[in-house]
Amino acid sequence: MLRNTLLAALVATLFVTGCSKQNQTAGGDNIIKIGSASPLTGPQAHLGKDNENGAQLAVDEINAAGLTLDGKKVRIDLIAEDDQADPKAATTVAQKLVDDGIVGVIGHLNSGATIPASKIYFDAGIPQISPSATAVSYTAQGYNTAYRVMTNDKQQGQVLGQYAVKQLGAKNVAVIDDRTAYGQGLADEFEKAVKAAGGSVVAREYTTDKSTDFMAILTSIKSHSPQVVFFGGMDPQAAPLAKQMKQLGLTAQLLGGDGMQTPKFISLANSDAEGTIASNPGLPLDSMPGGKSFKEKFNARFGEIQNYAPYAYDAVYVMVAAMQRAHSSDPAKYLAEMPKTDYQGVTGHIRFDSKGDLTDGAVTLYQVKSGKWQTLQTIQNSK
Amino acid sequence: MDIFVQQLINGLVLGSVYALVALGYTMVYGILELINFAHGEVTMFGAMIALAVISALIGAGVDLPGVVVALLGLLAAIPACMALGYTIERVAYRPLRHAPRLAPLITAIGVSIVLQNVAMLIWGRQYISFPPILPQGYHNLLGARITDVQIVILITSVVLMIALTLLVQRTRLGRAMRATAQSPQLAGLMGVNANTVISLTFIIGSALAAVAGVMVSAYYGLAHYYMGFLLGLKAFSAAVLGGIGNLAGAMLGGLLLGVIESLGAGYIGDITGGFLGSNYQDVFAFFVLILVLIIRPSGLLGERVGERA
């Protein structure tokens, strides 16, 4: 009896989901689905939620203003999925989004998750715009579906490496990375730039994106007495790293990339964050063309911006603009319009090169002074 | 040389925390032959509860020295974790006391996941900062540096380990625990209430876990709903390394594991010429575990198992 009921329920569920899918493909209810994929659980959940909120803000604005494609009123539904910042989970999530019938995706957050997922979107012919994946290899795969609205690690690593040697006058540099596609990629580019500028890398150490204990690594680094310790990784690791450097009396300058240029880094490391220098692709929020108004809108609804929300917001607008030019939300049709993007967004002027990278990117350096990230300088991309 | 001393200090501090958590695993295993996989999560709850109390006190503008505030957090965390340990045993393990071995093992994993998710719902998914209220002083020791926090962790761990050993070896409760470990039925015939003893074992283990959790979060300056998982796994390895069921073994295993991890991560790059790196830090614990299990399956100080059957 119970078994029969269960079976009936199962059949009913299958029937209902089957029907709803048909509706969408037939275009009966004029809802188009856009995916948002980022880590919503785990150590980087605050950044993932930030991305989702940024995209949601754009979607809600577009829906409120009313979107019309080819004479039909259209509503956008943002489907947020949790990729746990994990490459394996990312491919599962990507497949799920594709199966759900999304027409485009904003994400993923991490390069390590974005790269494996990008193949699935490419195979399905679905355009993907990552707000934050900075690894060079993401757009180097030759996928015509892969785009990003942020400067890549090559540019960021170069700026950081040159800064370490030329501005900070460091001859000896120690490099730690968290062995993710992001951390490793950035650290590699940094290392290249340091060597090119005449500095030398005296220690190269590795950790994971879940570690909190760096005492052993830092002790061994200390024996090489470097002037700069570079960390390629995210804020939950960077903060205990900064703390433990102080504990060990390692006085080298801590330097890092966008993964640690967050308010969370300061709130976790407290006073030990002081003096840390980190870069972020793009302009400082307050110098962004639409930064101030975006900040007000975002703060009113979701609170403090962690990092990438404005990029996720722009990514939605870039995608919808391509749909409007194509008069269609059919991925195959509006994908052809993506390379023609010329959009003045919150984060700056968005145009893509042949790979899907930004042509007009910038990298900004920040330093923690009196418990706040203060802008040091912005270096415009010379591409 | 000072590098070696420094690595040794790092390892001992880490190891003493592993040892405290490992005691909880080993006590429960000694009595029930159950691996309480939820023990790591009790550690995490200890840290989270202490942090909640500490931030509440700071938020309320309480004007007390930082050490006192931290102690108040700890004093709140200990009874809360004791209650949690007791509840876990009552809800998840006692009903399955006579079920096949596999059943309580699976509920243990289930409880661990449930606790992680409860913590995530209460405190969120983010890393939570341990406020900078503790003194930041340090001392020089043979050319290396030992901080006040590290000293406190070492002393607290050693004191608690001695206290637990005395409790088990010298008190009536300890005798009842040892008797129950030998044979719950026979101990029962001698007037020992096995259920009470088992509950108390969970409660004591959880109190130690609470202290360990607070110390870890103070040491690294952060806490997180997921922090109990790896810590629990390593403490479990430490317990097995020392010989699970054996108190001295858990302490030795914990300290050894910490030192091996620290020295391993510090020197592996130099030894292998960069072929293996310090990202293998977490792997050492499990590598050592496998090695010990191959060479000496009962652990370093473990007795032969199967005595009870």
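Within every chain, numbering begins at 1; the chains are lettered A, B, ... in the order of the sequence lines, protein sequences first and strands thereafter.
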Do the non-hydrogen side-chain atoms of M215(A) and Q150(B) ever get within less than 4.5 Å of each other?
-> yes

Against chain A, residues from residues 209-238 of chain B with at least one heavy atom under 4.5 Å, in numeric order, are Y219(B), Y220(B), G221(B), L222(B), H224(B), Y225(B)

Looking at S211(A), P240(A), P236(A), S223(A), which has the largest count of heavy-atom pairs under 4.5 Å with chain B?
-> P236(A)

Does CZ belonging to F287(B) count more than 12 external heavy atoms closer than 6.0 Å?
-> no

Neighbour count >12 (heavy atoms, 6.0 Å) for atom NZ, K295(A) = no

What residue, out of L40(A), L218(A), I176(A), I221(A), has the most heavy-atom pairs lying under 4.5 Å from chain B?
-> L40(A)

So, Q6(B) side chain and T219(A) main chain: donor-acceptor pair closer than 3.5 Å or not?
-> no

Report yes or no: does S262(B) contribute a side-chain atom to a donor-acceptor pair with the main-chain N or O of A216(A) at less than 3.5 Å?
-> no

Side chain to side chain, K49(A) and R125(B), heavy atoms closer than 4.5 Å = yes

Inter-residue atom distance Q247(A).CD - Q136(B).CD, 0.5 Å rounding = 7.0 Å

Can you establish whether the number of heavy atoms outside N140(B) located under 6.0 Å from its atom CG is more than 12?
-> yes

Is the count of non-hydrogen atoms from other residues, nucleotides or ligands lying under 6.0 Å from Y138(B) atom OH greater than 12?
-> no

Look up atom CG in D2(B) and atom NZ in K222(A), then write down how far apart they are to the nearest 0.5 Å.
-> 7.0 Å

Under a 4.5 Å heavy-atom cut-off, does chain A meet the side chain of I146(B), its backbone, both or neither?
-> neither

Chain B-proximal positions within residues 182-193 of chain A [heavy-atom distance under 4.5 Å] = none

Residue Q281(B) versus chain A: region with a heavy atom under 4.5 Å = side chain

Per-residue contact mode, T207(A) against chain B (heavy atom under 4.5 angstrom) | backbone

Any side-chain heavy atom of D235(A) sitting closer than 4.5 Å to one from Y127(B)?
-> no

S129(B) side chain reached by N270(A) side chain, heavy atoms, under 4.5 Å = yes

Rounded to the nearest 0.5 Å, the CG atom of N10(B) sits from the CG atom of L248(A) at a distance of 6.0 Å

Would you mind checking which part of D213(A) comes under 4.5 Å of any heavy atom in chain B, side chain (CB onward), backbone (N, CA, C, O), both or neither?
-> both

Heavy-atom check, side chain of Q126(B) versus side chain of K264(A), under 4.5 Å | yes

